[in-house]
Amino acid sequence: MRSFLLMSVALATVATVAGAQEDTGALIARLEEKAKAYAPAFPETQPLDATKWQTNDTYTPSGDPRAVKGGRLIQTWESYPPTLRTDGPDSSLVQLRDLHALVYETLVGIDPDTLATMPSLATHWQSTPIANPGGDGKITGEEFLFRISDKARWADGSEVTADDVVATWEHMVSEDRKDPTNPLVFNEYTKPEALDKLTVRVRTKTVNWRLFLYFGGMKIFPAKYIRITGDEYLNGYQWRLMMGSGPYHLAKPTDMVEQESFTVTRRKDWWGANERWAVGTNNFDEIRWIVVRDRDLEFEKIKKGEIDYHLISKAQRWVEECEFDAVKKGHILKRKIFTDNPQGIQGFAFNMRKPPFDDQRVRLAFAHLFNREKLIDKLFFNQYDFIDTYFPGGPWGSSKNPKIRYNPELAAKLLDAAGWKGRDKDGWLVNAKGEPFKVTLEYGQEAFTRIFTVIKEDLKLAGIDLQLSLMDWREVYKKVNERQFTLAFQSYSGLLYPNPRTSWSKELADQPQNNNVPGLKNDRIEQLLERYDSLLGVDEGVWRRRTAVIRKIDEILFEEMPYALGWQGGYTRVLYKNKFGHPPTYFSRLGDGSNIASLWWIDPELEAKYNDAVKNNTDLPRGETDQRPFPKKDEEPSKE
Amino acid sequence: MHGMTTYFIRRLLFVPLTFVCITCLIYTVIRFAPGGPVEQAKARIQMMQTGGEAGGPASGLGQGTEIDPRVVKQLEAYYKLDKPILVGYLIWLGEILTLDFGTSFTENRPVIDVIVSKFPVSIYFGLIGYFASWLVCVPLGVYKAIHHRTMFDTASSILVFAGYAIPGFIACLLLMILFGTHLDWLPLGGFRPPREEWEQLSFVGKALAQLRHTIIPMIGYMIGGFATMTILMKNSLLENFGADYVRTAFAKGLPEHRVIFVHALRNSLIPITAGIGHALGLLFAGSFLIETVCNIPGMGLLGFNAILQTDMPVIMAIAVFNTLILLFGNIVSDLIWALIDPRIRFGGSTR
């Protein structure tokens, strides 16, 4: 009886497991068969009339023509990605972004100096406003055309066509991919049409200049592989990199060592190798990521030379620990590279929906009590600077914003004007009702305790009782999203193209789960948001007009003071082996550490000197640590 | 004997009920905990940074946007979080009975594959550490008991307790800095050399490489347990030294080494030996701090990351294994006690 029961369980197990899901191998074989049957038909390709199309051949390429192809770059991942997919659940991760940028290409790119559109898969483009057919002249959308390069090829040598763009859009809007954002964004377009093999047309449903960049910046996938069901995509490409048209690919399955490393190899047959925009880029024969879960261990690895570079995020480490032997000898170079990479903001978010921070004077007073000077001096080794704009990095921030600095006397006057007069027996400021000024700050990162403790003491002198409450970050996130907070410390990454509507639209102020955390409602900003979104076009002039609008929004935000802004770096701190060549500017104007993989190369002469110096324990030139290759631009944008 | 059999059968019969209670509780707690995979997806989108390079992807794509509620529902179904808690638990239990542990949210692989890939690492270090502890702590404890209150006893106690005070992962980090970075005698973490290097080594080369990669993590695992086992061995032996049968043995003229190693030591080993059952759980658990610092993909790190990221299938699978090991481990410990010490009898009167 016991044997029979055991056998039954075993058989049930086998049956369940066998029947539960198609074998991945069988699925992939089926997808390959499907791809072989792909045979699109197109109308005859029209010759390109350059007078009707826009292009850009005046940009300055980011790459250095002196670059030498070859070698292997070894860099790190903090964790192995949970999938290799570009879309769907768990795909929006930083490590995947860097990997996919090497394997897939977009229709157009962006010149980091001027923000003008640059060719990529598409050599030419058009952007035409669509007027209301009713005849009132109101613009209701835009029509974009992209002309794909006739040289563009997939990794298997087949042509990139307009149908690939159509299929990619279909993939983006498919809800069966279960992607959190793509359908939301790409449903702003009607279905694209392949006018011929190389020309694709798409129309937008709304007016927003960023829609050109979103569509133009969409990674393009081969129609023969991407036109599949959601289940086929999610299962078939979980651990398989779909073929791309980019400079790198996964050369062999053994280049993927689960939970350990991932290696991509440069394609010798990459179609774009000789294009002007690609000169001096994608120079490494191999790029390998190894998983190093601990940042301290990663630091030890660069000291030992086991990895090629290491980005330093902590000021203390940069100042106190980065003068080890290899750095002193010039074997490892230490560089702080300043660029205009959008930095994002961090700071105290006030809940403007309720007291005490519903009063602008109280918010401004708090900002003047936020002693960033002391933090930067005492805790951050003077490595950081004040954030004086809501759009730091890039050209967006206004220089007219007031410089909010620690000023307890001014703060006291503001608080007094706001009704916080007198102190209770414990020394706390009180309002007209006799209530003490008590604020709870709930936060989720233990590392911030030392920072908030300093702020707490300064606030105490001013009569404000700041109560610190360390919680699980998920609980904090939930409370902030549900607006159950008075004060919160928030940080956001920077955006190349600001999207102020998602943070400052008054329509979002009273809704949960969005980035208008303070609950700002400002009619002037609302008008400027409309204006900003409607500035259509892709030339340099329109970028200047957009910049002017953002700067105006910036100035109004400083009047409203929804945040007490914190500190920023505005640079990338990197330790790297002294064997790399790089552009004179190290990175592009808007670049950061991710440029190392795309713009740097292994200089044979430097490498020989490095190997020799390490072997014989001799010195190499160290060069200057601080690098400011991009002077600030002086020109003012056109007035709005 | 009849009483003992009944006792152990009763213990075994309670295992399923205890298992259900524990796993149901854990499942419920996880379902209530914030920060699941859907919330994490939302958080990533709200804070998301996108590219910014010439030729790179468009930026601002969806940042700050709220996810479409229909997509949220799809994601909840994808992660099997769309059912009520009790229903979800019963479905999970049914799957477990067919040995289907589900798919990890964070690694997107079958959980059993994830555990199978990490389990050997933890077992490897656990077993080596455990046996190494025996090899070091038992002789050391015996020596300390024999030379009680000597300079050696005092000095070794200081060292042992210093080791107890230093967290294992700190010891690993310090050892790596000293022997890995400065002296370059040992590698900086990792279970073994990179695959392409490993495949080119001979058998002896592989053994040596594995040994080099084992030393520092093994010290980290052992350093805390040294004090416990050494002092337990010493105190147990000292207690037996004062027993009547030892005095009788000396009185009968037996040589000292025979009294200590044949008579006293056997009885002194009982508390240590009987703890083998409990040690089974430790072998499986690993240590996430040591594994993080030493870059070893073991069970400790898996469990820690699973909790942080609310990877429910992995958490529940670890709960299943830990619960079963604990329950059976306790029974095994009791059995060993009863076998070793005839004075100990469960479920009936002692002889």
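Letters go in sequence order (proteins before strands), and every chain restarts at 1.
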A.B. asks: So which atom in I307(B) and which in R474(A) form the shortest heavy-atom distance, rounded to 0.1 Å?
C.D. replies: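 Of all heavy-atom pairs spanning I307(B) and R474(A), the closest is O-NH1, 3.2 Å.
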A.B. asks: What part of S117(B) gets within 4.5 angstrom of chain A, counting heavy atoms only: side chain, backbone, both, or neither?
C.D. replies: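 Looking at S117(B), nothing touches chain A.
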A.B. asks: May I ask you to name which of L308(B), N305(B), T310(B) has the most heavy-atom pairs under 4.5 Å with chain A?
C.D. replies: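 Of the candidates given, the most pairs with chain A belong to L308(B).
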A.B. asks: Measure distances from F105(B) to the heavy atoms of chain A and classify the residue's part below 4.5 Å as side chain, backbone, both or neither.
C.D. replies: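 Backbone only.
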A.B. asks: Name the atoms and distances for all side-chain donor-acceptor pairs under 3.5 Å in residues 26-35 of chain B, with sequence neighbours left out.
C.D. replies:
residue	atom	partner	partner atom	Å
Y27(B)	OH	R31(B)	NH1	3.1
T28(B)	OG1	C24(B)	O	2.7
R31(B)	NH1	K83(B)	O	3.2
R31(B)	NH2	K83(B)	O	2.5

A.B. asks: Out of curiosity, L188(B) CG to D294(A) CG, how far, rounded to the nearest 0.5 Å?
C.D. replies: 11.0 Å
A.B. asks: With a 4.5 angstrom heavy-atom cut-off, could you sort out which part of T281(A) is near chain B: side chain, backbone, both or neither?
C.D. replies: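 For T281(A), no heavy atom lies under 4.5 Å from chain B.
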A.B. asks: Please list, chain by chain and in numerical order, all residues satisfying ring pair (Phe, Tyr, Trp, His ring centres under 6.0 Å) with W209(A), sequence neighbours excluded.
C.D. replies: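 Residues passing ring pair (Phe, Tyr, Trp, His ring centres under 6.0 Å) with W209(A): Y532(A), W543(A).
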A.B. asks: So how far is it from T181(B) OG1 to I302(A) CD1, rounded to the nearest 0.5 Å?
C.D. replies: 11.5 Å
A.B. asks: Could you state the interatomic distance from CD (E300(A)) to CG (N295(B)), rounded to the nearest 0.5 Å?
C.D. replies: 13.0 Å
A.B. asks: Which one of K301(A), K478(A), K303(A) has the most heavy-atom pairs closer than 4.5 Å to chain B?
C.D. replies: K301(A)
A.B. asks: Would you call P297(B) and R293(A) a side-chain contact if the rule is heavy atoms closer than 4.5 Å?
C.D. replies: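 When only atoms from C-beta onward are counted, R293(A) and P297(B) do touch, with a gap below 4.5 Å.
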A.B. asks: Find the distance between CG (D296(A)) and SG (C172(B)) and round it off to the nearest 0.5 Å.
C.D. replies: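 Atom-to-atom, D296(A):CG and C172(B):SG are 13.0 Å apart.
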A.B. asks: Is there side-chain contact between F191(B) and E260(A), with at least one heavy-atom pair below 4.5 Å?
C.D. replies: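 Not touching, per the 4.5 Å side-chain cut-off.
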A.B. asks: Heavy-atom cut-off 4.5 Å, strictly under: side chain, backbone, both or neither for L234(A) against chain B?
C.D. replies: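 Just its side chain gets close to chain B.
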A.B. asks: Which one of G189(B), P194(B), G180(B) has the most heavy-atom pairs closer than 4.5 Å to chain A?
C.D. replies: G180(B)
A.B. asks: Can you tell which part of Q238(A) gets under 4.5 Å to a heavy atom of chain B, answering side chain, backbone, both or neither?
C.D. replies: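 Answer is side chain: those atoms of Q238(A) sit under 4.5 Å from chain B.
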